[in-house]
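Just below is one structure, and these are the notes that go with it.
Values reported hereafter were calculated over all heavy atoms of this structure, with side chains retained and with hydrogens, waters and symmetry mates removed.
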Amino acid sequence: MGFLGALLAGFAAGVLVNLLKKAFNWIPKSMDGIKPVFIYPLLGTLLIGVVMLAINPFIGILNSGLANSLSSLGETSRLRVFEIKGRFYRKKNSLYQV
């Protein structure tokens with residue numbers, strides 16, 4: 001799945017657990033101890049697994065496209081990309097230059 005997929009899955013897991021907390025407000029107060037220890041992790045893991053299975057093909061296409069575009073750059077294009085990155089970095093950190 002790669003880095004981008006893991007990043008997206010982490011955000012989705014956080015949102016999903018917050019939705020689970022709201023969905024399980026109806027459970028009696030006597031069961032409050034079991035929710036964060038058993039219910040949220042179990043259901044969160046199962047549901048985020050289903051979400052990751054649905055997202056995986058799209059993130060794979062994005063990663064493949066990014067890798068193909070970077071590998072198709074010629075030597076002069078790579079130098080141009082690094083030059084632009086260097087100029088951006090110098091401009092961003094110009095306060096620290098003497």
TODO: Determine whether Trp26 and Leu20 fall in the same hydrophobic cluster, where Ile, Leu, Val, Met, Phe, Trp and Tyr are linked whenever their side-chain heavy atoms lie under 4.5 Å apart.
DONE: yes
Open item on the list: Around atom CZ of Phe38, are there more than 12 heavy atoms from other residues, nucleotides or ligands closer than 6.0 Å?
Closed with: no
- [ ] Dump the intermediate steps for side chain to side chain contact (heavy atoms under 4.5 Å, CB included) on Leu16 and Leu43, then the final yes or no.
- [x] CA-CA 9 Å; Leu16 183 68; Leu43 290 178; over 6 Å; no
TODO: Please report the shortest heavy-atom distance between Thr45 and Pro41, naming the atom on each side.
DONE: OG1-O, 2.7 Å
Task: Co-membership, hydrophobic cluster, residues Phe24 and Val15, 4.5 Å side-chain - done: no
- [ ] Report whether Ile34 and Leu42 are members of the same hydrophobic cluster (ILVMFWY, side-chain heavy atoms less than 4.5 Å apart, transitive linking).
- [x] yes
Task: 4.5 Å side-chain heavy-atom contact, Ile27 and Ile39 - done: yes
Open item on the list: Could you see if Met31 belongs to whatever hydrophobic cluster contains Val17? Use Ile, Leu, Val, Met, Phe, Trp, Tyr and a side-chain cutoff under 4.5 Å.
Closed with: no
Open item on the list: Quick check on the hydrophobic clustering: are Leu19 and Leu47 connected, directly or via other members, by side-chain heavy-atom contacts under 4.5 Å?
Closed with: no
